[in-house]
Amino acid sequence: MSANLQQQLQHRGHRLTKQRQAILAILSHTPQSVAMIRHTLHEQGFHFDKTTIYRNLHSLVQHGLVLATKLQDDGLYYELASHHHHHHVQCQNCGRIEDIELDEHALLQNAAAHSTFAIKQHQLEFFGICPQCQS
Ligand SMILES: [Zn+2]
Ligand SMILES: [Zn+2]
Ligand SMILES: [Zn+2]
């Protein structure tokens with residue numbers, strides 16, 4: 001885990017527990033389901049139950065260190081919060097996930113033109129067939 005993450009947490013007056021440290025260490029910038037996270041933790045000798053993992057992820061999300069995204073089958077996937085906003089595309093066949101960066105300016109202009117709301121945030125995920133599954 002990066003010293004930066006640890007600093008961020010301490011800065012906010014939160015102790016980084018052993019469980020949260022273990023979870024943060026295996027998260028990446030590619031979203032993972034709780035089942036995947038649990039599997040990797042298990043391989044590394046951490047035998048946390050699902051509830052413990054959910055509880056810790058929830059608290060990391062609240063501290064802004066982790067992002068939760070709803071992807072395939074309405075499941076929640078978790079990744080490290082990165083400094084820049086982005087979207088995802090997930091393969092409907094194998095579940096593989098990649099990041100997509102959109103033209104946010106055009107997107108927000110388009111949304112604003114079709115709504116009377118002052119838009120503050122958005123979530124938008126894509127689903128399709130990855131190159132491996134196309135062949
Ligand atoms: Zn695929
Ligand atoms: Zn991502
Ligand atoms: Zn966006």
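Just follow the structure's listing: the first ligand is 1, and inside any ligand the first atom is 1. Everything numeric in this text was worked out from a predicted model, so none of it was measured.
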>> Enumerate the side-chain hydrogen bond (donor to acceptor under 3.5 Å, both in side chains) contacts for residues 125-135, please, sequence neighbours excluded, ordered by first and then second residue.
In response: His88-Glu125, Arg96-Gln132
> Do any N or O atoms from the side chain of His87 and from the backbone of Leu124 form a donor-acceptor pair under 3.5 angstrom?
Replying inline: yes
>> Using every non-hydrogen atom in the two residues, find where Asn93 and Cys133 come nearest and quote the distance to one decimal.
In response: ND2-SG, 3.1 Å
> Is it the case that one hydrophobic cluster holds both Ile26 and Phe46, taking links as side-chain heavy atoms less than 4.5 Å apart, direct or via other members?
Replying inline: yes
> Does a side chain donor of either Thr52 or Asp49 reach within less than 3.5 Å of an acceptor in the other side chain?
Replying inline: yes
> Taking only protein atoms, how many N, O or S atoms are found under 2.8 Å from the Zn ion (ligand 3)?
Replying inline: 5
>> Please check if the number of heavy atoms outside His42 that lie under 6.0 Å from its NE2 is greater than 12.
In response: no
>> Taking ring-ring contact (aromatic ring centres under 6.0 Å, His included) as the cut-off, I'd like each qualifying pair that reaches into residues 98-121, sequence neighbours left out, listed once.
In response: none
>> Within a 6.0 Å radius of atom CD on Glu43, are there more than 12 heavy atoms belonging to other residues, nucleotides or ligands?
In response: yes
> When you measure from the Zn ion (ligand 2) to each N, O or S atom of Asp99, which atom gives the shortest distance?
Replying inline: OD1
> Does Met36 offer a backbone N or O that forms a donor-acceptor pair with the side chain of Thr40 under 3.5 Å?
Replying inline: yes
>> Would you say His85 and His122 are linked by a side-chain donor-acceptor pair, where the criterion is simply a distance under 3.5 Å?
In response: yes
> Close to the Zn ion (ligand 1), meaning under 2.8 Å, how many protein N, O or S atoms are there?
Replying inline: 4
> What is the name of the N/O/S atom in Glu79 that sits closest to the Zn ion (ligand 2)?
Replying inline: OE1
